Amino acid sequence: MPHRRLPRSFYLQPALDVARQLLGLYLVRKTGRAVLAGRIVEVEAYLGPDDPASHAYRGRTPRNEVMFMKGGHLYVYFTYGMHFCGNVVTGPAGTPHAVLLRALEPVDGLTVLAENRTLPVMKLEALCSGPAKLCQAFGIARKENGTDLCRGEIWIERRDAPLVDDMIARSPRVGISKAREQQWRFFVKGSRFVSGKTGRQ
DNA sequence: TCCGAGATTCACT
DNA sequence: GTGAATCTCGGAG
């Protein structure tokens, strides 16, 4: 199957649909040294004004401006004083919905991915098993905020057949205190690469 | 294996 | 000033 960057139309769908479909796809970044790639195994949807846990719940600010762009852009934010997290913006312009990339299964460029982590990473499972870890491994930081996944050197592509529903699980989102009742976290059932304790769901 | 706390910057109230 | 869509280490059980 040819490796192909996903078209804009994919990202213009509702956030929950994009989140579900992102599982099993590949995040790719081309750098001067290598091609980095990881299979997406865990995501969370954030639904803007309808979602108290979303950064865009209280409207537009300089920080969340990228979320209001049209789908297909990358929203990178800084948190806890030391971490970056990456989101895929979804929906048409003016709809501040996004999908947080929470965990990847490392596939290509493993050496570079490991070098990018500030601490030595002995286990493959720990390389990208968390939103801040995968951003660090892929070198995603402040200057990547606003990157267009349809044009830039970072993109998402399909390599395998889509996952069937049986392989996907849902749960409440992680690390937030609001809207805990919403099951807007999606992950690949049984994957060793989801965040948290190995194998735990 | 589980739980508690430190690290450390920024945006928003 | 406060708390945050987190990660890691160290100590207790």
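A, B, ... follow the sequence lines: proteins, then strands. Residue 1 opens every chain. Note that this is a predicted model, so its numbers are computed, not measured. Computed over heavy atoms, backbone and side chain alike; hydrogens, waters and symmetry mates excluded.
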Problem - Arg29(A) to Phe138(A) six-membered ring, cation-pi geometry met (6.0 Å, 45°) - result: no
Problem - Minimum-distance nucleotide (side-chain atoms of Arg58(A) versus dT13(B), dC12(B), dA5(C)) - result: dT13(B)
Exercise for the section: For Met82(A) and dA7(B), give me the distance from atom CE to atom C1', rounded to whole Å. Expected result: 4 Å
Exercise for the section: Give Arg173(A) one of three labels, base, sugar-phosphate or nothing, depending on what nucleic acid heavy atoms sit under 4.0 Å from its own. Expected result: nothing
Exercise for the section: Taking only the side-chain nitrogens and oxygens of His55(A), find out if one of them lies under 4.0 Å from OP1 or OP2 of dA5(C). Expected result: yes
Practice task
Would you please confirm or rule out a distance under 4.0 Å between OP1 or OP2 of dT8(C) and any side-chain N or O of Lys133(A)?
Solution key: yes
Fill in the blank from the handout: Looking only at dA5(C), dT9(B), dC12(B), the nucleotide nearest the Phe78(A) side chain is dT9(B)
Problem - Base of dA5(C) and ring of Tyr77(A) stacked, centres under 5.5 Å, planes under 30° - result: no
Problem - Nearest-Å distance for atom pair CG/P, residues Asn64(A) and dC10(B) - result: 17 Å
Completion exercise
His83(A) has its side chain closest, among dT8(C), dA5(C), dT6(C), to dT6(C)
Practice task
Please report, rounded to the nearest Å, how far the P atom of dT6(C) is from the CG atom of Leu134(A).
Solution key: 12 Å
Handout entry: Listed nucleotide nearest any side-chain atom of Thr61(A), set dC12(B), dA4(C), dT6(C)
Key = dC12(B)
Problem - Touch class at under 4.0 angstrom, heavy-atom based, for Ala132(A) against every strand present - result: sugar-phosphate
Practice task
Would you kindly give the CZ-to-C1' distance between Arg117(A) and dT6(C), to the nearest whole Å?
Solution key: 11 Å
Completion exercise
Quick note, Arg142(A) side chain, CB onward, closest among dA5(C), dC7(C), dC10(B) is dC10(B)
Practice task
Could you check which of dC9(C), dA5(C), dC12(B) has an atom nearest any side-chain atom of Tyr75(A)?
Solution key: dA5(C)
